[in-house]
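Beneath this line is the structure, given in C-alpha cells, with notes to follow.
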Amino acid sequence: MIRIYLLCLPLLLAGCVQDVSPNSYSVGSVGEVNRTIAGTVISVREVDIRGTTSLGGTTGALAGATAGSALGGGTRSNIVGALGGAVVGGLAGAAIEASATKQKGMEYVIQTTNGNLMTIVQGNSPIFVMGNNVLVLYGSPSRIIPDPRQ
C-alpha cells in the first residue's frame with residue numbers, strides 16, 4: 001500500500017508547479033485595475049526558481065508514519081517506527097517536491113521612464129533582451145510585457 005503512495009507522489013507533485021508565465025492570470029485578477037509603467041530592460045539573467053515543499057513533506061510524513069508503524073513487534077516499537085518514518089518520509093517527500101517543482105526563470109532589471117530601477121522575476125517566455133521597451137504591470141504577481149507603442 002505504501003509503495004503505491006510513493007509511486008504516485010511524483011505525479012501528484014507535478015501538478016504543484018507554480019505558473020510563472022506573464023501570460024497567465026488567476027481568476028481573482030480578472031477585472032482588477034493595475035498600475036502600468038513604461039521602462040527599458042537594462043539587465044537580463046537566467047535564475048532558478050525554487051520549488052515548493054509543503055505538500056510533499058506532509059504526504060511523505062504520512063506515508064512514512066504509516067510504513068514505520070508497521071515495524072516492530074510491540075506498541076512502543078510501533079510508535080518509535082511511526083515517528084521515525086514520519087521524519088524520514090517528511091524529509092524525503094519535501095526533497096522530491098522541491099526537485100519536481102523547481103523551474104527556470106528570468107530576472108529583469110528595468111529602468112522606468114522616470115529613472116527608477118526595479119527588478120522582476122518571471123517565467124522564461126517571452127524572453128526580453130537589453131534595450132527592449134517594456135511595460136511593467138503592477139499586481140500580484142507583477143509582470144513585464146512588450147510595449148506595443150514602440
Quiz prompt | Verdict with supporting geometry, Val136 and Met118, side-chain contact (heavy atoms from CB on, under 4.5 Å) | solution = CA-CA 9 Å; Val136 179; Met118 62 177 60; 3.5 Å; yes

- [ ] Report the C-alpha separation of Leu137 and Arg35 in whole Å, then their side-chain angles, then the decisive distance to 0.1 Å, and conclude whether the side-chain contact (heavy atoms from CB on, under 4.5 Å) test is met.
- [x] CA-CA 6 Å; Leu137 292 89; Arg35 183 171 176 244; over 6 Å; no

Measure across [X] and [Y] and return the closest heavy-atom pair with its distance rounded to 0.1 Å.
| X | Y | result |
| --- | --- | --- |
| Val44 | Val41 | CG2-CG1, 3.4 Å |
| Met106 | Glu46 | SD-CA, 3.9 Å |
| Leu135 | Pro148 | CD1-CD, 3.9 Å |
| Ala38 | Asp147 | CB-OD2, 4.2 Å |
| Asn124 | Ile127 | O-CG1, 3.0 Å |

CZ of Phe128 to CD1 of Ile145, rounded to nearest 0.5 Å, is 7.5 Å

d(Arg143 CZ, Gln122 CD) to nearest 0.5 Å is 8.0 Å

Are any of the side-chain heavy atoms of [X] and [Y] separated by less than 4.5 Å?
| X | Y | result |
| --- | --- | --- |
| Thr36 | Tyr138 | no |
| Leu117 | Ile42 | yes |
| Thr40 | Val134 | no |
| Val47 | Val121 | yes |
| Asp48 | Lys104 | yes |

- prompt: Ignoring hydrogens and geometry, is there a side-chain-to-backbone donor-acceptor pair from Tyr108 to Ser43 under 3.5 Å?
  reply: no

